[in-house]
Amino acid sequence: MACTGKIIFIWGSFLLISLLNVNRARNLLVALVCKPSSNPIASGFIQTKDTHFVLNGSPFLFNGFNSYWMMQVAVEPSERYKISNVFREASAVGLNVCRTWAFSDGGYQPLQISPGVYDELVFQALDFVVSEARKYGVRLVLTLTNNLQDYGGRPQYVQWARSAGEPVNSDDDFYTNAVMKGYYKNYVKKVLTRLNTITGIAYKDDPTIMAWELINEPRCQIDSGKTINVWVQEMGSYVKSIDNKHLLGIGMEGFYGDSIQDRKQYNPIPGYQVGTDFISNNLIEEIDFATIHAYPDAWLPGQGDRLQIAFIQRWLTSHWTDSRTILKKPLIFAEFGKSKTYPGFNISAMDYFLNIVYTNIYNLAKNGGTMGGGLVWQIFTEGMESYYDGYEIVLSQNPSTTSIIAQQSNKMTKLEHSLNNPHGDIFEQVKRRSTW
C-alpha cells in the first residue's frame, strides 16, 4: 500500500512532462519506487585493456553519479535507509557506478580521529555503504582524501603535522613533508586492508569497489604539476603494493600544465593553472585511468549557456583525444553539474545541459572508445535538504531529469552490448570505429 500511495503522489508530476510519454514515465516511476530489493554486483574486478574499461574481458561502459555524503549519513543507523534508497533508485534508472568519500579526517564524526586513530562506528558506516552498493549492483569509486578542508582533507593533515611540531609553511607541504606522507600512507593501508564487518570481505578483495582515487581535486601552488607528480608516483606505488586488484586514479579536475604548452588554451581561462598537469600526472604507470571535472557555471561566471556549452565540448574532446593518443588510458568524466544557485537556472536549462554532456560522452565512447562514462554531481534521496549544495538531483522528484539520466544509461548499456562482437575482437572493432 505504501508503494502504491507513493506512485499516485508522484504520478501527477510525470503527467506534466508529456502526455506522449506516459508509458515511459509510468514504467520509470514504478521502477524507482517498487524495484525489487536487490540486484547483486556481478563477479569480477573492473580492469583496463588498452584505452578501455573491461569486466571479465568484455567492454565495461557505465552511467554513474556522485553521492559524497554516504558514509557520514550511514553513521546514524536510523538514517541508513537513505543510502539504500539512493542505490535502489539509482539502480532502477541504470546508474551503475557511484563515487563517494572513503575519508573523514578530524572534525565532526571523523573516520580518522587523529593520525592512526580511527572510529570503529564510522568504519562500520563505510562497511554499510560498500555492502549496500554490492546488494544493488553498483560499483564504487572511493576517494581517500580531499584537497579542500571539507571532511578534513589536506588542511587537516597539515594541522596534525603542525600540532606534532613539524615545520609546516603551507598546505602544499602535504605533498612533500615526510610526516604527513606517513600519516596518509597509514590511513591508506588501514582502509584498503579493512575487513568489512557486514560482508566479511576485505576492501582490497571486494570487486564492488571499481577504483580508488588518491585525492579529490588536488591542487598545488608550488609549480605546474611537478610536485604532485612526485607525490602521485610515491602514493600510487604504495597503493599498488597493498592492492593490485583495483584500479587507481588520481582524482584530478583535468587542468593542463606545462608539459604540452598549447593544451593550456583549453583550461577554463587560457593559461590558468592550479599546480596539476593532466598529461604528465596521468602518464604515471601506476595510474590506470584519467578523470576530468567541469562546472562551467562556476568556472565561467557571467558567460551565457552557449559559451559554457562550447567550453564543455572542447574540454571533453581535448581530454578524450589526449587520453586516447598520449596517455593510452581510459577517461572518466567524474564530476559535472549545473547549480540552482546561479542566475537564470531552471529545470529545462539543467536538462539541456545534461543532454549535451551525455550526448558527448556517448558519441566519444561510440566513436573510438576511451570514454568510459560520466558521474553526475550529485544524487540524493528525499528528506536530505540539509545536504543540498545547489547541484542536487532527487530522482523521485525530478521526473524530466530522471528520464534523461535513464535514457543515457540505456544508451550506454546498448553500446556496451554492441561492442561485444561475437564475430571478432571487440577492441579491434572499437579501433576501426575511431577511424570512421
Side-chain angles (χ1 to χ4, degrees), residues 66-75 98-119 122-123 125-126 129 140-164 166 168-192 194 203 211-222 225 227-232 234-236 238-239 248-255 274-276 281 287 291-293 295 298 334-335 375 377-378 387 389 391:
N66 284 270
S67 289
Y68 77 86
W69 46 265
M70 285 190 163
M71 181 181 71
Q72 185 185 49
V73 172
V75 171
C98 171
R99 179 172 175 262
T100 191
W101 294 172
F103 66 89
S104 181
D105 308 312
Y108 177 68
Q109 289 184 336
L111 174 54
Q112 185 175 200
I113 300 170
S114 60
V117 180
Y118 306 97
D119 188 324
V122 181
F123 245 135
L126 185 57
V129 172
L140 295 174
V141 176
L142 296 180
T143 307
L144 294 167
T145 196
N146 203 358
N147 175 69
L148 305 172
Q149 66 181 3
D150 299 318
Y151 294 85
R154 188 164 62 119
Q156 180 62 71
Y157 280 90
V158 170
Q159 182 178 325
W160 283 333
R162 280 201 177 108
S163 297
E166 283 295 299
V168 177
N169 297 316
S170 74
D171 285 0
D172 288 337
D173 288 348
F174 170 82
Y175 300 114
T176 58
N177 179 273
V179 170
M180 280 187 275
K181 289 193 290 183
Y183 291 164
Y184 178 82
K185 285 180 178 179
N186 289 339
Y187 180 73
V188 166
K189 183 177 181 180
K190 186 70 174 181
V191 173
L192 271 57
R194 167 73 177 181
Y203 287 8
W212 304 105
E213 282 187 341
L214 294 175
I215 179 172
N216 175 56
E217 299 186 339
R219 294 190 176 190
C220 177
Q221 297 181 6
I222 296 174
T227 298
I228 286 180
N229 229 48
V230 174
W231 184 83
V232 169
E234 180 177 350
M235 299 309 166
Y238 185 73
V239 169
L248 179 64
I250 301 173
M252 288 175 51
E253 298 158 279
F255 293 106
V274 297
T276 61
N281 297 159
I287 300 305
T291 59
I292 57 173
H293 301 177
Y295 295 98
E335 285 190 27
L375 309 174
W377 186 279
Q378 64 173 321
Y387 283 86
D389 62 354
Y391 293 93

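Of all non-hydrogen atoms in I228 and T276, the two that sit nearest each other are CD1-CG2, 3.5 Å. Nearest heavy-atom pair, S104 versus Q109, reported as atom, atom and distance to 0.1 Å: OG-O, 3.4 Å. Nearest approach of A161 to V168, heavy atoms of both residues: CB-CG2, 4.0 Å. The nearest pair of heavy atoms linking N281 to I287 is O-CG1, 4.3 Å. The heavy-atom pair separating Q378 from S67 by the smallest distance is OE1-CA, 3.9 Å. The shortest non-hydrogen separation linking P218 to G251 is CD-O, 3.5 Å.
No more than 12 heavy atoms of other residues, nucleotides or ligands lie within 6.0 Å of NZ in K189, so this atom counts as exposed by the packing criterion.
Applying the side-chain hydrogen bond (donor to acceptor under 3.5 Å, both in side chains) test to Y203 and every residue at least two apart in sequence or in another chain returns D127. With sequence neighbours excluded, the residues satisfying side-chain hydrogen bond (donor to acceptor under 3.5 Å, both in side chains) with T145 are D105. Partners of W231 under the side-chain hydrogen bond (donor to acceptor under 3.5 Å, both in side chains) rule, at least two apart in sequence or in another chain, do not exist in this structure. Under the salt bridge (Lys or Arg N to Asp or Glu O under 4.0 Å) criterion, D172 pairs with R154, sequence neighbours left out. Applying the side-chain hydrogen bond (donor to acceptor under 3.5 Å, both in side chains) criterion to N177, with sequence neighbours excluded, gives E166. The side chain to side chain contact (heavy atoms under 4.5 Å, CB included) search around A102 returns L126, L142, not counting sequence neighbours. Evaluation of the side chain to side chain contact (heavy atoms under 4.5 Å, CB included) rule for V122 yields M71, V75, L111, D119 as partners, not counting sequence neighbours. Every salt bridge (Lys or Arg N to Asp or Glu O under 4.0 Å) that K185 has, sequence neighbours left out, goes to E234. F103 pairs by the ring-ring contact (aromatic ring centres under 6.0 Å, His included) definition with W101, not counting sequence neighbours. Every residue two or more places apart in sequence or in another chain that forms a side chain to side chain contact (heavy atoms under 4.5 Å, CB included) with A298 is listed here: Y295, Y342, Y391. Taking the salt bridge (Lys or Arg N to Asp or Glu O under 4.0 Å) definition, one finds that R99 meets it with E213, E335, sequence neighbours left out. Listed by chain and number, the residues in a salt bridge (Lys or Arg N to Asp or Glu O under 4.0 Å) with R219 are E253 (sequence neighbours excluded).
Y184 contributes no side-chain N or O that, together with a main-chain N or O of L144, makes up a donor-acceptor pair within less than 3.5 Å.
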Candidate pair Y68 and N216, rule side-chain contact (heavy atoms from CB on, under 4.5 Å), full reasoning: CA-CA 11 Å; Y68 77 86; N216 175 56; over 6 Å; no
Test log, rule side-chain contact (heavy atoms from CB on, under 4.5 Å), inputs L248 and L214: CA-CA 8 Å; L248 179 64; L214 294 175; 3.9 Å; yes
Worked verdict on H293 versus W377 for side-chain contact (heavy atoms from CB on, under 4.5 Å): CA-CA 10 Å; H293 301 177; W377 186 279; over 6 Å; no
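Between the CG atom of N146 and the CD1 atom of I215 there is a distance of 7.0 Å, given to the nearest 0.5 Å. Atoms CG and NZ, from N186 and K181 in turn, are 13.5 Å apart once rounded to the nearest 0.5 Å. A distance of 10.5 Å separates CZ in F174 from CH2 in W160, rounded to the nearest 0.5 Å. Here L375 contributes atom CG and T291 contributes atom OG1; the two are 9.5 Å apart, rounded to the nearest 0.5 Å.
Side-chain contact check for Q156 versus P110: every heavy-atom pair is 4.5 Å or farther apart.
Side chains of Q112 and Y183: a donor-acceptor N/O pair is absent below 3.5 angstrom, by distance only.
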